[in-house]
Amino acid sequence: MKEVSFADFKLNRQLLNAVVAIGYEQPTEIQRKCIPVILSGQQVIGIAQTGTGKTAAYLLPILMNVKFAAGNEPRALILAPTKELVIQIAEHARLLAMNTDLRILALYGGIGPKGQIEALQQGVDIVVATPGRFMELYLKGELPTKQVKTLVLDEADRMMDMGFMPQLRKIFEVIPHKRQNLLFSATFPEKVERLAAEFLEFPVRIEVSPPATPAAQVKQVLYLVPNLKSKINFLEYLLQQPEFSRVLIFTRTKENADNVFKFIERKKLGPVRVIHSNKGQNSRINAVNEFKAGALRVLVSTDVTSRGIDVTQVSHVINFDVPIVYEDYVHRIGRTGRAFQTGTAITLANEAELYHVRKIELLIREQIPVNELPPQVAVTETPKEEKQAIAREIDRQKKKEDPLYKGAFHEKKD
Ligand code: AMP
């Protein structure tokens, strides 16, 4: 089979030069499949995870169609669920558009709208926005929509999870009906299917890896670690290894995120920063940018912030605890092993969390290999309170699976 190159697509010189300058040597699978179809004007449902190159798969044809700055009103609109993702998509678009005069604007909440309104008034070609901020600016009369010819919904599954459907419906009403619609989603659950049926006409469905399959380049490992203190000890051990050069650590709660952060800082295993929903907008953006720029070794994050983080060459993802929203596992580990690179995803689970690991394995349709803890790691006795919490949690899980289950007390008597 002949290898496909970017030059095979009907892209202009400006874009081809940008692709070379960025260092993309060949198109990824989703790009090979999507770019010609989108360029031909068809509507597309793209099922692809982060890490597959799906952003450029829709950005390149859009940049090709929009070509150069013209008029003042946006001609393409890209909607994404979180501000981090919006910022990342806009950056990606600016990079690909480096040889053009296109004006690309990111619109998101959490900061005052004034600067965004000023930028809109100066004229834009492509808008990347969260649904909430888009509607807010539209209702203020600051966002002209009549020229929008292409609409992208990125990470549609997450948008549905976050309850954006009513806002999306309103947005569909205020932009021209005759337009090209593109929908991208990491997974394709029923609610996304319904959204697609509502908003796309005769779409071409393009799928690159089965829904909820972790990117193939990610090596996954599971460690059974009985308690919090031992998890911390193990984390310290891991971070003493030099190959852990760029590490993303995910925790389920803000408290754990803060504690892990403080520990790493105290042990001087950073530079490290932490992001979660209690951190201010600027602090979050700065932390991600520092991490991207290589100024941080470790970034600690909760799932709320995990979706939009786009950093290449993450050497390791560490799941300090197991996510209970199972698809978050796929999203978390998708941060390593991005296009054409390999990475390792390490998950730490106590006895109660194993229940969720099994569910995740069902979702990803594979077993996560289990490794023994290295002998250097001190495994401590589980404190009474934590032991009880774990036992209670296991009890709750058993009851959930089997309503007739009577609890550990009865089990003991038997
Ligand atoms: P995405 O799936 O769009 O989030 O992209 C994942 C990462 O892959 C991003 O950091 C992109 O810059 C990178 N990428 C996208 N397309 C290519 C390509 N053709 N070759 C190499 N890297 C790519």
Side-chain angles (χ1 to χ4, degrees), residues 3-9 11 15-36 38 44-64 78-98 104 106 126 128 152-159 182-187 206-209 211-218 246 248 288-289 291-294 299 305-315 317 327 330-343 345:
E3 251 184 37
V4 179
S5 79
F6 278 104
D8 295 326
F9 305 129
L11 299 170
L15 291 174
L16 288 176
N17 287 346
V19 163
V20 172
I22 298 165
Y24 296 173
E25 283 169 11
Q26 61 191 92
T28 63
E29 189 185 358
I30 187 84
Q31 291 162 1
R32 282 201 306 276
K33 291 180 172 167
C34 275
I35 294 174
I38 301 177
V44 167
I45 298 176
I47 303 166
Q49 291 168 246
T50 333
T52 54
K54 48 123 182 152
T55 319
Y58 66 76
L59 283 178
L60 282 168
I62 288 179
L63 293 168
M64 179 64 199
I78 299 160
L79 296 173
T82 64
K83 51 197 157 201
E84 283 83 6
L85 192 61
V86 161
I87 291 168
Q88 169 201 323
I89 295 168
E91 274 176 9
H92 205 138
R94 286 190 195 112
L95 206 59
L96 291 168
M98 61 167 89
I104 295 153
I126 298 174
V128 189
V152 182
L153 297 188
D154 199 354
E155 307 228 340
D157 47 356
R158 184 42 76 104
M159 285 210 251
L182 309 170
L183 178 149
F184 284 82
S185 194
T187 60
I206 296 175
E207 192 164 350
V208 289
S209 58
T213 303
Q217 309 94 316
V218 182
R246 236 180 208 228
L248 262 176
V288 170
N289 283 343
F291 189 65
K292 268 190 190 176
L299 187 64
T305 32
S306 86
R307 255 284 177 135
I309 304 173
D310 174 54
V311 218
T312 48
Q313 290 166 323
V314 171
S315 64
V317 165
E327 284 181 357
V330 182
H331 299 138
R332 284 179 177 195
I333 74 167
R335 310 295 124 182
T336 183
R338 315 304 297 265
F340 302 125
Q341 279 160 359
T342 52

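What you are looking at is a predicted structure, and each value in this text was computed from that prediction instead of being measured. Sequential numbering from 1 along the given sequence is applied to the chain's residues. In each ligand, atom 1 is the first atom listed, and ligand 1 is the first ligand listed.
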**Prompt:** Less than 3.5 Å between some nitrogen or oxygen of Pro27 and one of ligand 1, yes or no?
**Reply:** no

**Request:** Find out whether Glu91 and Asn289 are in side-chain contact, i.e. whether some heavy atom of one side chain is under 4.5 Å from a heavy atom of the other.
**Result:** yes

**Request:** Answer yes or no: is there a donor N or O on one side and an acceptor on the other, between the side chain of Ser185 and the main chain of Asp157, under 3.5 Å?
**Result:** yes

**Value rounded to 0.5 Å, distance of CG in Leu96 from CD1 in Ile22** = 4.0 Å

**Message:** Please classify the Gln26 to ligand 1 contact at 4.0 Å (heavy-atom distances, strictly less than): side chain, backbone, both or neither.
**Reply:** backbone

**Request:** Just jot down the ligand 1 atoms closer than 4.0 angstrom to any heavy atom of Thr50, in number order.
**Result:** 2 (O), 4 (O)

**Message:** Using a 4.0 Å cut-off to any heavy atom of His92, which atoms of ligand 1 qualify?
**Reply:** 11 (C), 12 (O)

**Request:** Look up atom NZ in Lys33 and atom CD1 in Ile38, then write down how far apart they are to the nearest 0.5 Å.
**Result:** 13.5 Å

**Prompt:** Can you tell if the side chain of Phe9 reaches within under 4.5 Å of the side chain of Val4, non-hydrogen atoms only?
**Reply:** yes

**Item:** Numbered atoms of ligand 1 (with element) below 4.0 Å of Phe6, judged on heavy atoms
**Value:** 19 (N)

**Item:** SB check Asp154 Lys54 (cutoff 4.0 Å)
**Value:** yes

**Request:** Heavy-atom contacts with Lys54 under 4.0 Å: which atoms of ligand 1 show up? List them by number with element.
**Result:** 1 (P), 2 (O), 3 (O)

**Message:** With nothing but distance in play, are any N or O atoms of Thr55 less than 3.5 Å from an N or O of ligand 1?
**Reply:** yes

